[in-house]
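Notes for the one structure printed next.
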Amino acid sequence: MESCGEEDEEAPEPDWWLPEPRGRFGSVSCKPAILGVRAVHGNMMRSGSDLRRVIVHLDLDCFYAQVETICNPELRGKPLGVQQKNLLITCNYEARKLGVKKTTTVKEAKEKCPELLLVKGEDLTKYREMSYKVTALLEEFTPLVERLALDENFMDVTEMVEKRLEEWGKDAFSQMPVSGHVYGNRTVSLHDLAHVKLAIGSQIAAEMRESVRSRLGLTGCAGIASNKLLAKMVSGTFRPNQQTILLPESRRDLIAHLDNIKKLPGIGSKTAQRLAALGLTTICSLQMCPAAVLEKELGVSAARTLQKVCRGEDDVPVTPSGPPQSLSDEDSFKKCSSEVEVEKKVGELIASLLVRLYKDGRKPHTIKLTLRKCITNRWLNREGRQCPIPPHVVQKIGTGDSSVQNQLVALAMKLFHKMINVKVLFHITLLSVCFSNLKDAPASAKQSIGFYLTRPSSSNCNKLVHVSSEPIY
DNA sequence: TGGGGTTAT
DNA sequence: ATAACCC
């Protein structure tokens, strides 16, 4: 875990939370002199705060709303919200200016802003397709692209930065404008190698954003920093459609400005609760908390990652996501109490999943059924059962054989009966089907005539959206 | 409160 | 299989 670390980037600083040195080069003076200077193409540069990695986090602006606006240009410029059932999951900036907030109920949003236009967003197909186009586009820059959500990607651009440093040589340093903002409005020093690398990273990020804008018509924010954690935390500093670099010496400020412990990526409600039980609610108290206290409450492993996270340290590499590990489809509803109804809904979920599986080309070897019981408190009561898909059923997936659907539904209903005794009155409010353990179809299946005649070509898949290269505003 | 995803245990 | 996290 710690082996690929950046402990030197984050160098041992026992007084981490103490005020920063006032000197021009910040923490540089703390470092051993031998690390303070490094020759690059014969150019002597300070590298006391050298970076091991340059990471870009790209976060698309109100993604669903943007996609809807591309699909229906008449929506542009008007306050727009996207709803799933009764929840407003996102809205554009025109709506936000009028006081509309994300993740509120549709009712609340309408009260705030009666002229709010709404589109339904339960069907993720459009968003998913656009999302993978964004990732594919980013993969043209570097293979090191990791998806965090439909609208977020991490890129490790370290190699790109090093390559540009080599190619451009020292002459480039004198004309190295930073693209976008610098966190805390700090001055970028061309004599500090870490600064230069981040500056190059900012240019790469700008090129990525421009490419996403011109080719897909989408805008977004980028953060550029020395690790994923910091890149993500800094990316939303200026919004929408802007980008920010974080210099190593601004790490403290960025974290200190978080008002809540839960703003730290990786700290969710559960962890926050447990920390609050220890009296830890502020970042500062967490930073100063003895390791033993955290370890006792959370275990050694979780305690260690927490201690690093609250200092802005993160050595987790960017892992290329590739195709998804699982495909799932859900539907929530007010009430469903009969077995026939369940079977019908499960059939619909499986039918739509089979279409996605067909486009994907891989075959699932596991199926899982999840449901939410209406009884008792809250939505934590999701329950799932999974089982292997028998080989003879797997074989027929994607062949157009219509019997697979019924076989999969029968399988799902077996899982359903493991959770629900239909002789007793039941009441569920959500059904979800998930296919996982996705494997490439065996070569023998690919060689069949049917495979070539019926599968869409990948070149067709890439033409779902057509956007001119002209600015769209 | 929605409809997805991931990783760790 | 569950529980936590992300959006």
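Below, all heavy atoms of this structure are taken into account, side chains as well, without hydrogens, waters or symmetry copies. From a predicted model like this one, the values you see are computed outputs, not experimental measurements.
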Exercise for the section: Not counting sequence neighbours, which residues clear salt bridge (charged side-chain N to carboxylate O under 4.0 Å, His left out) with A:R239? List them please. Expected result: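 Residues passing salt bridge (charged side-chain N to carboxylate O under 4.0 Å, His left out) with A:R239: none at all.
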Practice task
Enumerate the residue pairs fulfilling ring pair (Phe, Tyr, Trp, His ring centres under 6.0 Å) with a member in residues 217-272 of chain A, sequence neighbours excluded, ordered by first and then second residue.
Solution key: A:H181-A:F238
side-chain contact (heavy atoms from CB on, under 4.5 Å) partners for [X], two or more places apart:
X	result
A:T370	A:K368, A:R382, A:S432
A:F333	A:D331, A:C336, A:K345, A:I428, A:L431
A:Q307	A:A291, A:L294, A:R311
A:E74	A:N72

Practice task
Nearest whole angstrom, please: distance from the C1' of C:dC5 to the NZ of A:K228.
Solution key: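 The answer, rounded to whole Å, is 13 Å.
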Completion exercise
By ring-ring contact (aromatic ring centres under 6.0 Å, His included), A:Y93 pairs with (sequence neighbours left out) none
Practice task
Give each stem of DNA chain C as a range with a range, requiring at least 3 consecutive Watson-Crick or G-U wobble pairs whose two distances are under 3.5 Å.
Solution key: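 Only these stems qualify: B:3-9 with C:1-7.
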Problem - Residues within residues 78-102 of chain A bordering DNA chain B, heavy-atom distance below 4.0 Å - result: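 The answer is A:Q84, A:K85, A:L87, A:I89.
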Problem - Contact nearer the 5' end of DNA chain B, comparing A:A302 with A:S328 - result: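 Its nucleotide being nearer the 5' end, the pick is A:S328.
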Handout entry: Earlier contact from the 5' end, DNA chain B, for A:E330 and A:T103
Key = A:T103
Handout entry: Any A:R128 side-chain nitrogen or oxygen under 4.0 Å from OP1 or OP2 of B:dG4
Key = yes
Please tabulate, one pair per line, all N/O donor-acceptor pairs under 3.5 Å involving side-chain atoms of residues 117-125 of chain A, not counting sequence neighbours.
residue: A:E122; atom: OE2; partner: A:K85; partner atom: N; Å: 2.5
residue: A:D123; atom: OD1; partner: A:T125; partner atom: N; Å: 2.9
residue: A:D123; atom: OD1; partner: A:T125; partner atom: OG1; Å: 2.5

Handout entry: Selection: residues 140-152 of chain A, any non-hydrogen atom under 4.0 Å of DNA chain C
Key = A:A149, A:E152
Exercise for the section: Sort and list the pairs that fulfil salt bridge (Lys or Arg N to Asp or Glu O under 4.0 Å) and have at least one residue in residues 273-295 of chain A, not counting sequence neighbours. Expected result: A:R274-A:E297
Practice task
Could you tell me whether A:S269 contacts a base, only the sugar-phosphate backbone, or nothing, with contacts defined as non-hydrogen atoms closer than 4.0 Å?
Solution key: sugar-phosphate
